[in-house]
Each structure stands twice: as C-alpha cells, then as structure tokens.
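Note sheet for the following structure.
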Amino acid sequence: MIRIIAPSPLLRPFVRYHWVMSTETPFRALTFPIGCPQLLFHRKDVLTIPELSAAQERFTVSGQVCFSSHVCATRPLETIATVFRPHTIMPFIGVPPSAFYNVEISGHDLENRELSALAGRVLSAASADIAVSLIERYLMSRLDVACDINLGRMGRAVSVMLADPSVSVGALASQSCLCQKQFERVFRHSVGMNPKKYQGIVRFQRALRLIQCGSENIADIAAAAGYADQSHFTRECRNLVSLTPLGLIKSGTAYSDLYTEPV
C-alpha cells in the first residue's frame with residue numbers, strides 16, 4: 001500500500017510530495033527514471049535492486065538516474081520517501097546532486113550531522129505520520145538557504161523543458177540569462193545531470209504520460225513527447241527500459257511520475 005502525503009504549503013516549491021509504502025508481503029516492481037531526487041527512510045526492511053546486486057541503506061539518498069531497475073522486498077516494509085522537485089534538493093542536504101548521479105548512497109555519507117540526526121529520529125518515530133512531520137520540520141528549518149537566483153533560474157528552465165521537451169539548450173540558457181556553458185554547469189549542479197541527459201528523461205516521462213492516458217499510436221506519441229521521429233523514440237526507449245515502445249504499451253506499466261501530480 002502506498003499513501004501520498006502533501007507537503008506543507010511553504011515547502012511546495014521544493015517538495016512534490018511524501019509517500020509511505022507499507023507491505024507485509026514480498027513484492028517486485030519495475031521503476032523508471034522519474035527525474036526527481038528522493039530521500040528514503042526504511043523503518044523496517046530495505047529495498048533491494050537486483051540489477052545492481054545491491055540493497056539500499058536504511059537512510060538512502062536517491063539521485064537522478066538514466067536507467068530503469070526493479071525494486072524488491074522479501075520481508076515486511078515501511079518506507080517513507082520525500083520526493084523533491086527536479087532542481088531543489090541541494091539546499092536541504094548541502095551536497096550538489098551531481099555527486100550522486102546514477103547511484104544511491106547512504107545519507108550518512110553526506111557527513112551532515114543534522115541530516116543524520118533527522119534520520120535517527122525518523123527511523124525510531126512512533127508512527128509514519130510522526131516521522132513525516134519530523135522530516136517537514138527539518139526541511140522548514142532549511143528554507144532560509146533554499147532561495148537563490150540560480151534556484152529560480154533552474155526552476156524556470158525545468159518548467160520550460162517540461163512544457164516543450166524539444167526546446168534547445170541554447171534557448172534555455174538564453175532565457176536564464178547565462179551563456180550555454182554556464183547554464184550547463186549550473187543545471188548539472190542543481191538538477192544532477194546535464195540538460196541534454198535530463199531532456200531524455202523528460203521526453204520519456206512525457207511519453208509514459210501519453211501511454212498512461214490511453215495513446216497507442218507510436219508515431220503520435222513520439223511527436224507529442226518531443227522525439228525527432230519514431231526511430232528516436234524507439235532507440236531511447238530501448239536504452240532506458242530495454243523495451244520497444246510497443247512492448248512498453250503492452251506491459252501495462254506505463255505511469256509518469258514527473259507529469260502526474262498525485263496531491
């Protein structure tokens with residue numbers, strides 16, 4: 001069972017939502033790159049990722065990834081996650097997300113004593129709801145460092161990219177009042193991957209949303225999602241999920257987190 005919890009109004013510009021997943025039975029699920037970093041707190045068992053032959057830490061920082069993977073649990077699970085907006089995690093953890101691109105790390109490796117102390121309180125809290133309130137309290141205490149000019153610039157750039165995944169990086173740099181080299185550096189620092197790579201995630205997430213809403217014509221999906229053509233869509237789909245677009249449609253697993261606002 002997954003329960004979605006809306007963030008406090010003051011945190012909405014930075015946090016998309018929290019989720020709490022509880023299960024007493026084993027499960028295995030395919031996950032796609034969602035384009036947003038997360039903090040995860042495993043209050044019981046941890047999730048394992050067979051493709052990486054690895055298990056998450058009880059307190060895990062999950063960065064931007066450009067590959068799909070399965071997550072598995074074999075014992076009772078109660079996991080809390082805070083899902084940030086694509087560009088907003090850095091002020092709250094003190095480390096640029098480019099430092100954990102395509103990897104998941106222990107939150108304790110960030111060497112942030114306040115964050116590690118938070119993890120201890122969350123993992124030992126009497127209930128998931130109390131744990132979420134502790135996370136919110138910590139995030140609220142960091143709001144004074146969560147507003148700067150580059151954060152605003154990258155937020156606007158991400159919004160433009162979401163509206164038009166085929167927009168050029170040069171156009172994004174221009175609207176951000178930065179040269180392209182500066183823009184790429186700031187974007188990677190804030191979002192966790194370079195803008196070209198991130199556009200690939202955005203295009204794929206938009207295609208997932210179209211499939212989720214019932215679209216089945218692959219050429220139409222490719223055009224609407226910002227791919228150059230159907231072959232481009234097929235190639236990137238294979239790279240991300242090892243499936244053709246038709247295979248993805250038939251799998252019944254298409255769900256776009258990035259283009260779906262659950263709260």
Side-chain angles (χ1 to χ4, degrees), residues 13 16-17 30-38 63-68 83-89 97-98 101-102 150-249 251 253-262:
R16 294 185 62 210
Y17 57 89
L30 177 64
T31 65
F32 302 125
I34 69 170
C36 297
Q38 304 177 76
Q64 299 283 7
V65 298
C66 62
F67 60 88
S68 61
V83 182
F84 290 84
R85 299 200 179 274
H87 61 295
T88 58
I89 194 172
S98 54
Y101 170 54
N102 266 352
N150 282 332
L151 203 68
R153 282 171 167 164
M154 294 308 103
R156 289 189 293 274
V158 168
S159 295
V160 171
M161 195 182 290
L162 289 172
D164 178 12
S166 62
V167 64
S168 72
V169 175
L172 292 171
S174 179
Q175 71 101 55
S176 299
C177 300
L178 297 169
C179 73
Q180 186 164 325
K181 189 172 182 179
Q182 285 178 310
F183 173 77
E184 290 174 350
R185 178 181 56 78
V186 174
F187 190 96
R188 185 169 57 251
H189 189 73
S190 299
V191 176
M193 63 170 68
N194 69 51
K196 280 283 189 185
K197 279 279 189 184
Y198 193 72
Q199 278 183 303
I201 303 302
V202 171
R203 281 192 297 266
F204 180 69
Q205 282 284 328
R206 188 155 177 161
L208 286 176
R209 179 62 178 172
L210 292 164
I211 296 169
Q212 179 186 338
C213 293
S215 297
E216 294 187 350
N217 186 295
I218 295 170
D220 289 347
I221 294 169
Y227 292 98
D229 52 34
Q230 185 173 327
S231 295
H232 184 203
F233 178 29
T234 299
R235 190 165 58 252
E236 289 207 354
C237 191
R238 282 184 181 277
N239 287 339
L240 282 171
V241 296
S242 300
L243 289 170
T244 64
L246 182 59
L248 180 61
I249 291 168
S251 74
T253 59
Y255 174 83
S256 172
D257 184 281
L258 192 59
Y259 281 93
T260 303
E261 289 292 341

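Counting from 1, the numbers follow the sequence of the chain as shown. Owing to the predicted nature of the structure, the values given are computational and were not obtained by experimental measurement.
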Evaluate the criterion side-chain contact (heavy atoms from CB on, under 4.5 Å) for residue pair Phe204 and Asn239; output intermediate values, then yes/no.
CA-CA 11 Å; Phe204 180 69; Asn239 287 339; over 6 Å; no
Please evaluate residues Arg153 and Val186 with respect to the criterion side-chain contact (heavy atoms from CB on, under 4.5 Å), reporting the C-alpha separation (whole Å), side-chain torsions for both, the decisive distance (0.1 Å), and the verdict.
CA-CA 9 Å; Arg153 282 171 167 164; Val186 174; over 6 Å; no
Take Arg156 and Ser176 through the test side-chain hydrogen bond (donor to acceptor under 3.5 Å, both in side chains) and record every step on the way to the result.
CA-CA 8 Å; Arg156 289 189 293 274; Ser176 299; over 6 Å; no
Would you sort out whether Val158 and Phe187 count as a side-chain contact (heavy atoms from CB on, under 4.5 Å), showing the intermediate values?
CA-CA 9 Å; Val158 168; Phe187 190 96; 4.2 Å; yes
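By the 6.0 Å contact criterion, CD on Glu216 is open, its count of non-hydrogen atoms from other residues, nucleotides or ligands being 12 or less.
Here the side chain of Tyr198 pairs no donor or acceptor atom with the backbone of Gly192 at under 3.5 angstrom. Between the side chain of Ser251 and the backbone N or O of Leu248, at least one donor-acceptor pair lies under 3.5 Å. Between the side chain of Gln180 and the backbone N or O of Ala173, no donor-acceptor pair lies under 3.5 Å. Distance alone, capped at 3.5 Å, is enough to place a donor-acceptor pair between the Arg206 side chain and the Ala224 backbone.
Under the 3.5 Å distance criterion, with hydrogens and angles disregarded, a donor-acceptor pair is assigned to the side chains of Asp257 and Tyr17.
In this structure the side chain of Ile249 reaches within 4.5 angstrom of the side chain of Ile218, judged on heavy atoms. Residues Thr253 and Phe32 are in side-chain contact: their nearest non-hydrogen atoms beyond the backbone lie under 4.5 Å apart. Side-chain contact check for Thr88 versus Pro13: every heavy-atom pair is 4.5 Å or farther apart. In this structure, Ser68 and Leu240 have side chains that are not in contact, with every pair of non-hydrogen atoms separated by 4.5 Å or more.
Among the candidates Gln199, Lys197, Gln205, the single residue satisfying the side chain to side chain contact (heavy atoms under 4.5 Å, CB included) test with Ile201 is Gln205.
In plain terms, the two heavy atoms of Glu236 and Arg203 that are nearest each other are OE2-NH2, 2.8 Å. Across Asn102 and Val65, no two heavy atoms sit closer than the pair OD1-CA, 3.0 Å.
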